[in-house]
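A quick write-up on the structure given underneath.
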Amino acid sequence: LGEIKKELAFFEKKESPEKGDKFVRVMSKFHKEALVTFQRFEKDVGVAKEIWAELVTFFGEDPVKMHVDEFFGIFATFLGSLRQAREDNIAFQREAEEEEKRRKAEAEKAEKKAKKKAQQTLKKEKEGELDDLISALKTGDVFAAKAGAKPTRPRRKDREKRNSALLANALGAK
C-alpha cells in the first residue's frame with residue numbers, strides 16, 4: 001500500500017496527464033478502500049495474536065516458542081490416540097464376551113455329556129439287573145434264596161443308593 005501511495009503521489013504531481021488516463025482516479029479510490037480493509041485486517045491479526053498468546057499460556061506453553069502447527073499437532077495426536085484406545089477397548093471387550101460365550105458353551109457341553117454318561121450308566125445297570133434276574137431264574141438261584149440261601153448280588157435298595165450317588169456325582173462334576 002505504501003508503494004501504491006508513492007506511485008499515486010508521483011502521477012498526481014505530473015503536470016500533463018495523458019488524455020483519457022483514469023489511473024490516478026481509479027487507483028486513488030482503490031487505495032482508500034484497500035487502506036480501510038488493510039487496517040481492519042491488521043486489527044484482526046492483533047486480536048488473534050492476543051488470543052493465541054492467552055491460549056498457549058493457558059496450556060502452559062511459551063507463545064513465542066510454540067508454533068501453531070506444533071500446538072494443534074499435540075491435540076491431533078492426542079485425539080488419534082484416544083480414538084485408537086477406544087477401538088482397542090471395544091475389541092478387547094468383544095473378545096472377552098466371545099471367550100465367555102465359548103466357556104459357557106463348553107461347560108454346557110460337558111454338563112450334557114456328564115448327564116448322558118450318568119443316564120447310560122443307569123440304563124446299563126437296569127439292564128444288568130434284568131439280565132441278573134433272568135440269569136437267576138434260569139439257574140434257579142431265585143428259588144434257592146427262598147430256601148434261606150444268601151443272595152449273591154446287592155439288594156435293590158443298595159443298588160438304588162449307589163445309582164443315585166453316581167448320578168449326583170456326575171451332575172455335581174459339571
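The structure displayed is predicted, hence computed values, not measured ones.
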- [ ] Please lay out, stage by stage, how Lys116 and Lys112 fare under the test side-chain contact (heavy atoms from CB on, under 4.5 Å).
- [x] CA-CA 6 Å; Lys116 187 175 180 180; Lys112 287 180 182 179; over 6 Å; no
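- Ring-plane geometry between Phe75 and Phe59 is classed as perpendicular, the angle between the planes exceeding 60 degrees on a 0 to 90 degree scale with a lower cut at 30.
- Of all heavy-atom pairs between Met66 and Glu61, the closest is CE-OE1, 3.2 Å.
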- [ ] Please test Gln93 against Asn89 for side-chain hydrogen bond (donor to acceptor under 3.5 Å, both in side chains), starting from the C-alpha separation and ending with a verdict.
- [x] CA-CA 6 Å; Gln93 188 177 13; Asn89 285 342; over 6 Å; no
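- Salt bridge annotation for Lys109-Glu106: absent, with no cationic side-chain nitrogen under 4.0 angstrom from a carboxylate oxygen.
- Within the 4.5 Å cutoff, the side chain of Lys117 has no heavy atoms near those of the Lys113 side chain.
- With a 4.5 Å cut-off on side-chain heavy atoms, Phe92 and Asp88 do not count as touching.
- We find the NZ-CG distance between Lys49 and Asp44 to be 12.5 Å, quoted to the nearest 0.5 Å.
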Task: Residue pair Glu111, Lys115: steps toward the salt bridge (Lys or Arg N to Asp or Glu O under 4.0 Å) verdict - done: CA-CA 6 Å; Glu111 181 181 340; Lys115 283 182 181 179; 3.5 Å; yes
- [ ] Report the C-alpha distance between Glu100 and Arg103 in whole Å, list the side-chain angles of each, state the deciding distance to 0.1 Å, and finish with yes or no for salt bridge (Lys or Arg N to Asp or Glu O under 4.0 Å).
- [x] CA-CA 5 Å; Glu100 182 65 26; Arg103 273 191 249 131; 3.0 Å; yes
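- Atom CZ of Arg94 sits in a sparse spot, with 12 or fewer heavy atoms from other residues, nucleotides or ligands closer than 6.0 Å.
- Rounding to the nearest 0.5 Å places CZ of Phe72 at 12.0 Å from CG of Leu79.
- What you find for Pro63 and Ala53 is that their closest heavy atoms are CB-CA, 3.8 Å.
- Pairing each heavy atom of Phe71 with each of Leu55, the nearest pair is CE2-CD2, 3.7 Å.
- Taking hydrophobic clusters as Ile, Leu, Val, Met, Phe, Trp and Tyr residues chained together by side-chain heavy-atom distances below 4.5 Å, Val45 does not share a cluster with Phe38.
- A continuous path of hydrophobic side-chain contacts links Val68 to Val56 [ILVMFWY only; heavy atoms under 4.5 Å].
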